[in-house]
Amino acid sequence: MSQINDITVPPIMIKAIGALILVTLLATAYGRYSGMTETAAVPAEDIVEQISLSFVDQNDGSVSVIDAATGQEVGTLLSGGDGFARGVLRGLVRERRLSSIGSEQPFQLFRTVQNDVTLFDPATGRLVALRAFGPTNDAVFRRFLKSASQEG
């Protein structure tokens with residue numbers, strides 16, 4: 001059998017660890033409840049194009065992508081396809097449900113001066129930098145911007 005040695009931890013070390021944990025919890029709570037969101041990472045002056053989008057489930061399993069400002073359909077996410085877009089939206093909608101937020105408020109899709117495309121949920125403060133998922137997945141959302149329709 002092994003013998004357990006008595007290890008004495010100085011009281012100042014225990015207090016320091018406790019203080020570190022407390023400061024971490026307070027900083028996290030402040031960031032979460034003070035209205036601070038990730039949008040601070042994208043200054044408004046860097047946004048060159050923006051569209052408000054609503055996503056409406058259809059009976060055939062597809063999802064209509066609606067320009068919330070005009071009410072016009074700007075695209076469709078097909079049933080059995082567009083898995084990346086559906087996965088991103090599922091995650092954002094799940095977070096809204098967990099926070100008891102409805103689907104009334106549209107999502108914001110914007111392009112920056114660096115040509116990055118980002119999906120933002122103003123209801124929860126979630127920001128999805130689409131470039132991080134590669135050019136193919138980035139293009140899935142980029143096609144809903146007006147500049148994309150002008151390119152082709």
Side-chain angles (χ1 to χ4, degrees), residues 13-152:
M13 185 66 84
I14 293 172
K15 289 177 185 176
I17 292 170
L20 179 63
I21 292 170
L22 182 62
V23 167
T24 302
L25 290 172
L26 290 174
T28 303
Y30 175 76
R32 175 83 174 162
Y33 298 109
S34 68
M36 195 186 296
T37 64
E38 295 177 32
T39 55
V42 182
E45 60 269 11
D46 284 355
I47 298 173
V48 295
E49 182 178 9
Q50 181 173 343
I51 186 170
S52 296
L53 297 175
S54 295
F55 299 91
V56 180
D57 292 326
Q58 300 301 316
N59 292 333
D60 65 358
S62 66
V63 177
S64 293
V65 183
I66 309 295
D67 180 338
T70 65
Q72 293 183 324
E73 185 174 304
V74 294
T76 303
L77 301 175
L78 300 175
S79 176
D82 293 313
F84 172 72
R86 288 172 169 275
V88 168
L89 293 173
R90 223 181 342 264
L92 293 173
V93 168
R94 179 180 180 276
E95 189 161 336
R96 281 187 175 192
R97 275 196 209 121
L98 290 174
S99 301
S100 300
I101 300 170
S103 61
E104 299 78 27
Q105 189 171 13
F107 296 93
Q108 304 295 317
L109 182 68
F110 56 86
R111 184 173 58 87
T112 65
V113 293
Q114 295 85 11
N115 206 30
D116 293 334
V117 177
T118 302
L119 184 64
F120 173 60
D121 183 0
T124 62
R126 278 287 304 275
L127 195 71
V128 181
L130 298 166
R131 182 174 72 163
F133 299 98
T136 304
N137 291 324
D138 177 81
V140 170
F141 282 95
R142 187 178 292 271
R143 70 184 182 198
F144 303 128
L145 294 167
K146 289 182 182 13
S147 61
S149 64
Q150 294 168 357
E151 291 172 1

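Predicted, not measured: the structure shown is a model, and the values here were computed from it.
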Run the side chain to side chain contact (heavy atoms under 4.5 Å, CB included) check on Leu77 and Leu89 step by step: do they pass?
CA-CA 11 Å; Leu77 301 175; Leu89 293 173; 3.6 Å; yes
Residue set satisfying side-chain hydrogen bond (donor to acceptor under 3.5 Å, both in side chains) with Ser52, at least two apart, ordered chain then number -> Gln108
Partners meeting side-chain hydrogen bond (donor to acceptor under 3.5 Å, both in side chains) with Asp121 (sequence neighbours left out):
Arg96, Thr124
Output the distance between atom [atom1] ([X]) and atom [atom2] ([Y]), rounded to the nearest 0.5 Å.
{"X": "Leu119", "Y": "Asp138", "atom1": "CG", "atom2": "CG", "result": "11.5 Å"}
{"X": "Ser79", "Y": "Asn59", "atom1": "OG", "atom2": "CG", "result": "11.5 Å"}
{"X": "Ile66", "Y": "Leu53", "atom1": "CD1", "atom2": "CG", "result": "9.5 Å"}
{"X": "Ile21", "Y": "Thr24", "atom1": "CD1", "atom2": "OG1", "result": "7.5 Å"}

Can you see which heavy atom on [X] is nearest to which on [Y], and at what distance?
{"X": "Ala123", "Y": "Ile101", "value": "O-CD1, 3.4 Å"}
{"X": "Thr76", "Y": "Val65", "value": "N-CG2, 4.3 Å"}
{"X": "Ile51", "Y": "Phe144", "value": "CD1-O, 3.6 Å"}
{"X": "Asn115", "Y": "Arg142", "value": "O-NH2, 2.8 Å"}
{"X": "Arg86", "Y": "Ser62", "value": "NH2-CA, 3.5 Å"}
{"X": "Leu109", "Y": "Phe141", "value": "CD2-O, 3.2 Å"}

How about Phe110 and Phe120: are their ring centres within less than 6.0 Å of each other?
no
According to the salt bridge (charged side-chain N to carboxylate O under 4.0 Å, His left out) rule, which pairs have a member within residues 104-118, sequence neighbours left out?
Glu49-Arg111, Asp116-Arg131
Using a 6.0 Å cut-off, check whether atom CD of Gln72 has over 12 heavy atoms from anything other than its own residue.
no
Side chain to side chain contact (heavy atoms under 4.5 Å, CB included) evaluation trace for Leu130 with Phe84:
CA-CA 10 Å; Leu130 298 166; Phe84 172 72; 4.1 Å; yes
